[in-house]
Participant: 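The structure is given below, and queries will be raised subsequently.
Order of the sequence lines fixes the chain letters, A, B, ..., with proteins taken first and strands second; residue numbering starts at 1 for each chain.
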Amino acid sequence: MIWQLDLAILTLVVIAGIGAITVKDLLGAAILFGAYSFMMCLLWSIMGAVDVSFTEASVGAGASTVFFVAAVFRTTRRTKD
Amino acid sequence: MKIIGLIIAVLTGALLIYGTVDFPEWADPASPASTHLSPHFIEKTMEETSVPNIVTAVLADYRGYDTMFETTVIFAAGVVCFFLLRILKKEGPRQRLYRHALTGMTIRIRDGEKRPSVLDEFERIDTMWTPYDVIIKTVCRLLIPFIQLFALYVIAHGHHSPGGGFQGGVILGASIILLAISQDLRTAIKRMSEKVDAILSPAGVFIYAGTGALCLLLGGNFLDYSALASILHVDPVTARSHGILIVEIGVGVAVMATLIWIYNNVSSAGKYDEGL
């Protein structure tokens with residue numbers, strides 16, 4: 001475990017997580033959530049949990065982002081709050 | 001409303017952090033998990049199940065119940081999306097767009113208007129149409145078979161490398177979703193119709209639970225795959241390895257069909273006509 005790499009990815013996780021809940025544009029939030037999932041996937045693989053990281057990459061960064069984008073496409077891009 | 005949500009989130013977070021106080025110390029060698037469970041799995045998995053990847057053996061064999069109900073949860077999610085979103089009334093969009101493939105001319109037909117007879121030369125496009133892109137279409141058409149091949153490899157090779165039913169199923173489903181995104185939803189539904197999704201999704205759960213029930217019928221415990229040795233004609237240890245493969249296939253089928261089903265319902269708003 002290289003701690004510089006770990007710290008950089010953890011910072012990006014926090015930034016992507018806070019960004020995903022504060023950004024007004026829902027499509028942007030979906031993309032940020034995908035970025036968050038991808039960073040988490042890197043963290044899992046740094047910690048040696050390769051199976052979890054594989055699931056995170058395929059479900060979190062892949063499938064759920066597509067679902068969010070499809071939902072935004074069918075509803076609205078702007079949030080009320 | 002926002003403040004109430006914030007209070008609830010902070011309270012739940014505080015409770016969860018308070019709960020971690022009772023956890024054993026970080027990497028404590030005297031904790032129950034490190035004294036009983038982990039050594040058993042690490043030392044005995046190979047001789048008990050002949051599966052080199054311990055994670056796969058724990059997920060599909062030692063913790064078989066857990067994975068079975070995870071699959072059931074995914075199936076339930078698909079059914080809930082179907083019931084919430086599907087509009088079964090036969091009612092097309094108010095207008096349809098048709099585009100001539102060679103000249104790019106687009107005609108619009110409102111609901112109730114007479115269809116012109118030359119429509120065979122036209123292809124139907126969505127009303128919220130993203131322009132036809134030959135590069136995206138061709139690249140996706142080339143990539144999809146390889147994605148599906150990789151997904152089958154992930155399912156079949158889950159014994160030896162990271163992966164298994166869940167990941168392989170998601171990749172299989174994602175390949176069909178990629179088809180729906182790169183071409184259009186109708187092309188993807190032509191390949192995997194709603195009926196196929198609705199049959200395969202419970203069929204995967206049935207394969208899993210049915211394997212467990214078969215073990216019960218053959219005189220073992222529920223999901224004790226060593227009971228399958230008599231019908232697979234192998235020794236009990238190899239039978240556990242084969243049993244894991246069978247349930248992984250069930251998980252893969254269920255996850256693939258559910259993913260496509262949810263995507264179809266969400267992206268077409270339940271009409272299965274025009275989608276992302």
Participant: Report yes if the side chains of F82(B) and D197(B) come closer than 4.5 Å at any heavy-atom pair, otherwise no.
Facilitator: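 Side chain of F82(B) against side chain of D197(B), heavy atoms only: no contact under 4.5 Å found.
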
Participant: With only heavy atoms counted, which part of V170(B) is less than 4.5 Å from chain A, the side chain, the backbone, both or neither?
Facilitator: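 The answer is the side chain of V170(B).
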
Participant: Does some side-chain heavy atom of I171(B) sit less than 4.5 Å from a side-chain heavy atom of Y153(B)?
Facilitator: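 Heavy-atom side-chain distance check fails, nothing below 4.5 Å.
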
Participant: Could you tell me whether the side chain of S193(B) and the main chain of K190(B) form a donor-acceptor pair under 3.5 Å?
Facilitator: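 Looks like no, no N/O pair under 3.5 Å.
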
Participant: Spell out, as yes or no, whether a donor-acceptor pair under 3.5 Å connects the side chain of Q148(B) to the backbone of I176(B).
Facilitator: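 Here the side-chain-to-backbone pair does not exist.
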
Participant: Please state whether the side chain, the backbone, both or neither of V255(B) comes within less than 4.5 Å of a heavy atom of chain A.
Facilitator: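 Contact with chain A is absent: no heavy atom of V255(B) under 4.5 Å.
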
Participant: Does any heavy atom of chain B fall under 4.5 Å from the side chain of A71(A), the backbone, both, or neither of them?
Facilitator: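 The answer is both parts of A71(A).
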
Participant: Taking every non-hydrogen pair under 4.5 Å, which of A174(B), G163(B), G173(B) racks up the most with chain A?
Facilitator: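 Heavy-atom pairs under 4.5 Å are most numerous for G163(B).
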
